[in-house]
Amino acid sequence: MVDPFGRKVTYLRVSVTDRCDFRCVYCMAENMTFLPRKDLLSLEEIDRLITAFVDKGVRRVRLTGGEPLVRKNILSLLQSLSRHLRTGALEELTMTTNGSQLARFADDLAACGIKRINVSLDTLDRDRFKAITRWGDFDKVMEGIAAASAAGIKVKINTVALAGVNEDEYERLIRWCHERGHDLTIIETMPMGDIDGDRTDQYLPLSKVRERLEERFTLTDIPYRTGGPARYVEIAETGGRLGFITPMTHNFCESCNRVRVTCTGRLYLCLGQDDSADLREPLRASEGNERLNMAIDEAISRKPKGHDFIIGRDKKPSVPRFMSTTGG
Ligand code: SAM
Ligand code: SF4
């Protein structure tokens, strides 16, 4: 699959549920209305859809959500998808999770061939954690991260930079992660979804974060890539890696290799644009994949060049859907 700008689409992110056991302030409103279950793709349909993308050249698949590990029977989907790892059709099957359920799933995830996961963690302070996630249990997440590491899964921590909330914590997070062998990636907030509150207050450009970190640490740019938009530095003092994802201050679209599917089978061509294609209808219309493949090809042919996120006072979110719809 090659888009109109010559970018090869080899990475698929699939949101397996819009539900979550947290209510992070920058991601969801406290009173979210979730989709009726009948609108969701079944796990068998998700498997078929992912397999169609793998047959078309996708090499890496990331499950996300909402919280992927709260989807009922999620393990059966992972066990089934692991066949593509065994045949070599898929290079990597991975997941982005809030870590709340990891302690009970870690061994099974490792057995499915999952070698790396991203865990979202914005603070190491228990009270702050509660304030940010509203419903989260910090100790459970700590247990989950430890269990994943013990199962041999490489854990990368993702931290959203939140002005006035966790901006005094990056040094501590860096040391905590690097002592435990985790990479850390800091992410700029993106204006998605109508949350309770004003995003202008939360937005913290990573250029500023980097400047501040450089007063403490020696950062050296390195060419390390994980296939995502993060740009990495090595920190001399800890020997660990730190990634920056900067959708707002630096446009990373020119190297975009990915598309996203929601739990209702909607294909989004860009995280920061509304254009999408319905894959559920062609998926359900017949047992063969002919119509589905045509719908995918047609959609890829209109993948946009890039996003145009803007954060400003009195502005509606650039993209009305919530991050939990497409899973980041
Ligand atoms: N529940 C899982 C988790 O939290 O990792 C997976 C889904 S969550 C939507 C994926 C990632 O998106 C998380 O790292 C989260 O912090 C991030 N995220 C959510 N809303 C965001 C926003 N408005 N701007 C930037 N990142 C956001
Ligand atoms: Fe849930 Fe992840 Fe959104 Fe937090 S960021 S509310 S954990 S989906």
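When a ligand or atom number is given, it counts from 1 through the structure's own listing order.
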Consider only side-chain heavy atoms of I, L, V, M, F, W and Y, link residues closer than 4.5 Å, and tell whether Met1 and Tyr11 are in one cluster.
no

Please write out which residues are connected to Tyr224 in a hydrophobic cluster, directly or through intermediates, given that two of Ile, Leu, Val, Met, Phe, Trp, Tyr count as joined at side-chain heavy-atom separations below 4.5 angstrom.
Ile222, Tyr232

Following the transitive rule for hydrophobic clusters with a side-chain heavy-atom cut-off under 4.5 Å over Ile, Leu, Val, Met, Phe, Trp and Tyr, establish whether Leu12 and Val54 coincide in one cluster.
yes

Judged by heavy atoms only, the candidate from Cys24, Gly66, Ser15 nearest atom 7 (C) of ligand 1 is Gly66

What's within reach of atom 1 (Fe) of ligand 2, meaning protein N/O/S atoms under 2.8 Å?
Cys20 SG

Other ILVMFWY residues reachable from Leu40 by side-chain steps of under 4.5 Å:
Leu35

For Thr64, take its heavy atoms, then give the atoms of ligand 1 lying under 4.0 Å from any of them.
6 (C), 7 (C)

For Val160, the atoms of ligand 1 under 4.0 Å from one of its heavy atoms are 16 (O), 26 (N)

For atom 5 (O) of ligand 1, which candidate among Ser120, Cys27, Gly99, Ser100 holds the nearest heavy atom?
Ser120

Looking only at atom types and distance, does a side-chain atom of Arg7 sit under 3.5 Å from a main-chain N or O of Lys305, one as donor and one as acceptor?
yes

Work out which heavy atom in Thr185 is nearest to a heavy atom in Ala230; give both atom names and the distance.
CG2-CB, 4.2 Å

Element-labelled atoms of ligand 1 that are located less than 4.0 Å from some non-hydrogen atom of Thr189
24 (N), 25 (C)

One thing to verify: whether Arg266 and Asp39 come together as a salt bridge, which I'm taking to mean a side-chain N less than 4.0 angstrom from a carboxylate O.
no

Aromatic ring pairing His182/Trp176, orientation class (parallel under 30°, perpendicular over 60°, tilted between):
tilted

Contact atoms of ligand 1, heavy-atom distance to Glu188 under 4.0 Å
25 (C)

Got an N/O contact under 3.5 Å between Tyr26 and ligand 1?
yes

Using a 4.0 Å cutoff against the non-hydrogen atoms of Thr97, which atoms of ligand 1 qualify?
2 (C), 3 (C), 5 (O)

Quick one: CG on Asn118 to OG1 on Thr226, what's the gap to the nearest 0.5 Å?
7.5 Å

Which residues end up grouped with Phe5 if you chain together Ile, Leu, Val, Met, Phe, Trp and Tyr wherever their side-chain heavy atoms are less than 4.5 Å apart?
none

